[in-house]
Amino acid sequence: MSLIWPIPALLTWALAWGIYLGLGQVGAGGVAAFVAALLVSGLPAWTGRTPWRRVFMVAGFPLSLVASGAATGLPAWAWLLPLALLLLLYPLNTWRDAPLFPTPSAALDGLAASAPLPPGSKVVDAGCGLGAGLMALRRAYPDAQIHGMEWSWPLTVLCALRCRFARVKRADIWVADWSGYDLVYLFQRPESMARAMEKAGNELAAGRWLVSLEFEAVTFKPSARLETVAGKPVWLYQTPFRRR
């Protein structure tokens with residue numbers, strides 16, 4: 001269930017403060033308690049729907065620590081930790097790509113009817129995040145080999161633990177080779193669709209599929225369009241792509 005903003009930020013800050021104060025009560029040093037609070041609260045901070053929300057969720061605890069006057073015992077270098085944590089969760093070279101938006105559970109219902117694949121086909125979620133898209137792909141193609149690519153290594157680890165049925169690896173989706181897949185699924189952004197179509201057109205064999213949630217490659221003719229979740233159309237393109 002989605003929480004109305006800023007409730008996710010408030011809960012994240014409360015979690016960080018609870019860890020910080022709790023560790024202080026059992027005798028942990030200020031720096032150790034600060035680091036632990038940042039690391040634990042950094043995971044829910046990743047669920048922020050935009051980069052700026054993630055910044056607020058990560059930075060809220062250290063800023064409130066300063067405002068409270070409880071941070072006087074921390075060394076100056078400790079204040080680089082929130083930035084380091086944000087960069088760890090959201091590396092700089094992914095800022096040009098889509099933020100973490102999970103695939104709605106029913107968004108890919110009916111996909112197999114429009115893009116049929118034989119058993120054992122290889123399907124990949126390019127930018128799998130925490131695995132919502134992998135789960136939707138598994139429901140659509142229960143007999144396929146499900147793969148996931150994700151650049152953030154914390155998300156890669158969490159996704160692999162959450163989606164043990166899939167082969168999840170840390171990879172830059174724009175550098176990784178797509179030629180071994182029968183279907184590439186992505187939930188990107190409008191600005192990156194031209195790049196995705198060019199890469200798929202160059203690397204996917206004839207008859208393979210590129211499937212995009214929500215965003216259309218406007219200069220190409222889709223092979224099909226689905227919309228099982230209102231406002232979340234699914235655009236299907238089969239190679240060789242056809243221009244409008």
Side-chain angles (χ1 to χ4, degrees), residues 46-52 54-55 84 86-103 107-108 111 115 117 121-137 141 144-160 162-163 166-223 232-243:
W46 180 256
T47 64
R49 289 182 171 247
T50 67
W52 279 114
R54 293 181 196 136
V55 170
L86 182 65
L87 292 176
L88 178 67
L89 292 173
Y90 198 41
L92 281 175
N93 69 331
T94 65
W95 285 35
R96 68 185 184 275
D97 296 330
L100 183 67
F101 286 129
T103 298
L108 302 186
L111 177 60
L117 297 176
S121 296
K122 292 184 178 180
V123 175
V124 65
D125 182 350
C128 56
L130 287 171
L134 295 176
M135 294 179 180
L137 288 169
Y141 299 105
Q145 300 178 43
I146 308 296
H147 296 251
M149 300 180 191
E150 173 57 49
W151 181 247
S152 168
W153 73 258
L155 288 184
T156 302
V157 172
L158 291 172
C159 183
R162 186 185 184 200
C163 302
R167 301 177 185 177
V168 181
K169 66 178 181 180
R170 181 176 180 268
D172 183 335
I173 66 171
W174 303 113
V175 175
D177 184 7
W178 292 3
S179 63
Y181 300 108
D182 299 288
L183 183 148
V184 177
Y185 167 74
L186 45 80
F187 187 7
Q188 268 290 315
R189 60 195 305 172
E191 296 82 1
S192 56
M193 283 307 301
R195 186 181 187 188
M197 293 296 289
E198 181 181 7
K199 181 174 176 64
N202 290 335
E203 297 182 9
L204 295 182
R208 304 301 192 257
W209 296 90
L210 179 74
V211 176
S212 171
L213 178 60
E214 192 167 343
F215 302 117
E216 179 186 9
V218 294
T219 60
F220 292 87
K221 295 181 180 180
S223 301
K232 297 290 183 183
V234 178
W235 302 90
L236 286 71
Y237 302 90
Q238 188 175 29
T239 56
F241 299 139
R242 298 172 299 158
R243 291 190 175 273

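Heads up: numbering here begins at 1 and tracks the sequence.
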Scanning both residues in full, the closest heavy-atom pair of I146 with Y141 reads CD1-O, 4.1 Å
Is the closest side-chain heavy-atom distance between C163 and M135 below 4.5 Å? yes
Mark yes or no for whether E216, through its side chain, and V218, through its backbone, hold a donor-acceptor pair below 3.5 Å. no
If you measure from CD on E203 to CG on L210, what distance do you get to the nearest 0.5 Å? 11.5 Å
Only one of L183, V184, L186 forms a side-chain contact (heavy atoms from CB on, under 4.5 Å) with V211, so which one is it? L183
Looking at every non-hydrogen atom in both residues, tell me the closest pair between Q238 and S223 and how far apart they are. N-OG, 3.2 Å
I'd like to know if the side chain of S212 and the backbone of F215 have a donor-acceptor N/O pair within less than 3.5 Å. yes
W209 side chain vs V123 backbone, donor-acceptor pair below 3.5 Å: no
Give, for atom CG of D125 and atom CG of L134, the distance between the pair rounded to the nearest 0.5 Å. 5.0 Å
Parallel, tilted or perpendicular: which describes the rings of F220 and F241, with under 30° parallel and over 60° perpendicular? perpendicular
Considering only heavy atoms from C-beta outward, does the side chain of E214 approach that of F187 to under 4.5 Å? yes
For K199 and I173, work out which heavy atoms get closest and say how close. CE-O, 3.2 Å
Identify the two heavy atoms, one from Y185 and one from G133, that lie closest to each other, and give their separation to 0.1 Å. CE2-CA, 4.2 Å
Which distance, rounded to the nearest 0.5 Å, do you find between the CG of L130 and the CD of E150? 8.0 Å
Give a yes or no on whether the backbone of D182 and the side-chain of S121 come within a donor-acceptor separation of less than 3.5 Å. no
Shortest non-hydrogen pair, G129 vs C159, comes out as O-CB, 3.2 Å
Check whether T239 reaches the backbone of G207 with its side chain - one donor and one acceptor, N or O, closer than 3.5 Å. yes
Determine yes or no for a side-chain-to-main-chain donor-acceptor pair under 3.5 angstrom, with Y237 supplying the side chain and A217 the backbone. yes
Is there a side-chain contact between L111 and L236 in this structure, where contact means two heavy atoms from C-beta onward sitting under 4.5 Å apart? yes
What's the spacing between L158 CG and S152 OG if we round to 0.5 Å? 8.5 Å
Just how far is it from atom NE2 of H147 to atom NZ of K122, taken to the nearest 0.5 Å? 5.5 Å
